[in-house]
K.L.:
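Structure incoming, see below.
As a basis for the values below, the full set of heavy atoms in this structure was taken, side chains included, without hydrogen atoms, waters or symmetry mates. In what follows, chains carry the letters A, B, and so on, assigned in the order in which the sequence lines appear, proteins first and then strands, with residues in each chain numbered from 1. Quick caveat, the model's predicted, so the values are computed rather than measured.
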Amino acid sequence: MSKEDEKGMSLIVKTITRLTVGLILLYGLYIVFHGHGSPGGGFTGGVIIALSFIHLMLAYGKEVAFRKLSEAAASFFVSLGAILFLAIALLGFTGGYFFLNFIPKGEPFRLFSAGIIPLCDIAIGLIVGAGLFAIFVALVSLKLEPERKE
Amino acid sequence: MRILALIAVIITGAILIYGTQDMPDWADPQSPASTHVSPRYIEKTLEETATPNAVTSVLADYRGYDTLGETTVIFTAGVCCILILRIRRRHRK
């Protein structure tokens with residue numbers, strides 16, 4: 001820990017981050033998975049998931065955050081979400097048209113209900129979460145680069 | 001050139017402000033937007049998609065095509081950022 005203590009913010013911020021970052025990630029996942037039953041959805045949940053990793057990066061520095069979600073993993077999740085969403089859209093052709101809700105709907109207010117809507121939310125959450133994390137990483141590292149060269 | 005641009009901006013703004021005269025009033029229940037598709041979404045969401053959340057049913061089901069476009073924007077942005085990072089890393093080596 002002694003080497004990691006030097007990077008990032010102060011001990012207070014690190015302790016609070018260690019306590020809250022898991023709850024933030026869990027809350028983002030809850031919003032993604034319950035997007036059809038309560039307020040929320042893929043976009044908002046994905047943003048909260050990305051914020052939990054950004055929080056980690058702000059408090060502990062780049063290396064610790066990359067150990068949890070590396071750049072390759074982020075690119076993998078972005079692509080996986082996009083393929084999943086397109087596949088759901090194209091599978092609608094099995095019943096007739098693009099974006100048909102082809103899975104049985106089930107009962108309202110249940111976790112497994114509403115056909116393709118939860119699957120769409122998960123795909124959108126993957127794209128938004130990993131995509132916003134990648135955008136943040138690019139902004140941070142592109143800002144720091146020119147200062148180092150001088 | 002600047003004066004021409006200013007004139008163009010003023011004329012466009014004036015046309016837009018003139019156009020707002022024909023817009024329906026704020027939260028008018030008789031406006032076209034709230035008499036055509038909105039009531040249908042609100043009334044049929046629960047039986048057609050089994051979703052109590054009308055916003056999600058519109059985003060992911062009725063207007064899924066629109067959401068596909070939105071996610072394409074974010075996907076492109078994320079992939080471009082990853083590409084930039086990779087190019088920088090390769091240059092450093």
K.L.:
Could you tell me which portion of Thr76(B) (side chain, backbone, both or neither) has an atom closer than 4.5 angstrom to a non-hydrogen atom of chain A?
P.N.:
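For Thr76(B), no heavy atom lies under 4.5 Å from chain A.
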
K.L.:
For the hydrophobic clusters of this structure (ILVMFWY residues joined by side-chain heavy atoms under 4.5 Å, transitively), does one cluster hold both Phe76(A) and Phe53(A)?
P.N.:
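Hydrophobic grouping puts Phe76(A) with Phe53(A).
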
K.L.:
For Gly35(A), is there any backbone N or O sitting under 3.5 Å from a side-chain donor or acceptor partner on Thr56(B)?
P.N.:
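Yes; judged by distance alone, with no hydrogens or angles, the pair exists.
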
K.L.:
Of all the heavy-atom pairs spanning Arg86(B) and Ala72(A), show the shortest one and how long it is.
P.N.:
NH2-CA, 4.4 Å

K.L.:
Among Leu68(B), Ile74(B), Thr71(B), which has the most heavy-atom pairs under 4.5 Å with chain A?
P.N.:
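Greatest number of close heavy-atom pairs with chain A: Leu68(B).
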
K.L.:
Find the one option among Leu86(A), Ile135(A), Val137(A) whose heavy-atom pairs under 4.5 Å with chain B are most numerous.
P.N.:
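If we count pairs closer than 4.5 Å to chain B, Ile135(A) comes out on top.
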
K.L.:
Given heavy-atom pairs under 4.5 angstrom as the criterion, report whether the side chain, backbone, both or neither of Phe43(A) touches chain B.
P.N.:
side chain

K.L.:
Counting heavy-atom pairs under 4.5 Å to chain B, which of Ile127(A), Ile117(A), Leu119(A) comes out on top?
P.N.:
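Most heavy-atom pairs under 4.5 Å with chain B: Ile117(A).
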
K.L.:
Is it true that Phe33(A) and Ile48(A) fall in one hydrophobic cluster, defined by side-chain heavy atoms closer than 4.5 Å?
P.N.:
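Different clusters.
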
K.L.:
Check the hydrophobic clustering (I, L, V, M, F, W, Y; side-chain heavy atoms under 4.5 Å; chains of links allowed) and say if Tyr30(A) and Leu59(B) are grouped together.
P.N.:
no

K.L.:
Ala134(A) and Gly78(B): which non-hydrogen atoms are nearest, and at how many Å?
P.N.:
CB-O, 3.9 Å

K.L.:
Can you list everything that forms a side-chain contact (heavy atoms from CB on, under 4.5 Å) with Leu4(B)? Sequence neighbours excluded, please.
P.N.:
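Leu4(B) satisfies side-chain contact (heavy atoms from CB on, under 4.5 Å) with Met1(B) once adjacent residues are dropped.
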
K.L.:
Would you give the length of the straight line joining atom CG of Leu85(B) to atom OG of Ser75(A), rounded to the nearest 0.5 angstrom?
P.N.:
10.5 Å

K.L.:
Should Val21(A) and Tyr27(A) be regarded as members of a common hydrophobic cluster, given that ILVMFWY residues are connected when their side-chain heavy atoms come within less than 4.5 Å of each other, either directly or indirectly?
P.N.:
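Val21(A) and Tyr27(A): separate clusters.
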
K.L.:
Could you state whether Ile49(A) and Leu126(A) fall into the same hydrophobic cluster, counting links through intermediate Ile, Leu, Val, Met, Phe, Trp or Tyr residues with side-chain heavy atoms under 4.5 angstrom apart?
P.N.:
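Result: yes, single cluster for both.
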
K.L.:
Is the number of heavy atoms from other residues, nucleotides or ligands within 6.0 Å of CD1 (Ile3(B)) greater than 12?
P.N.:
no

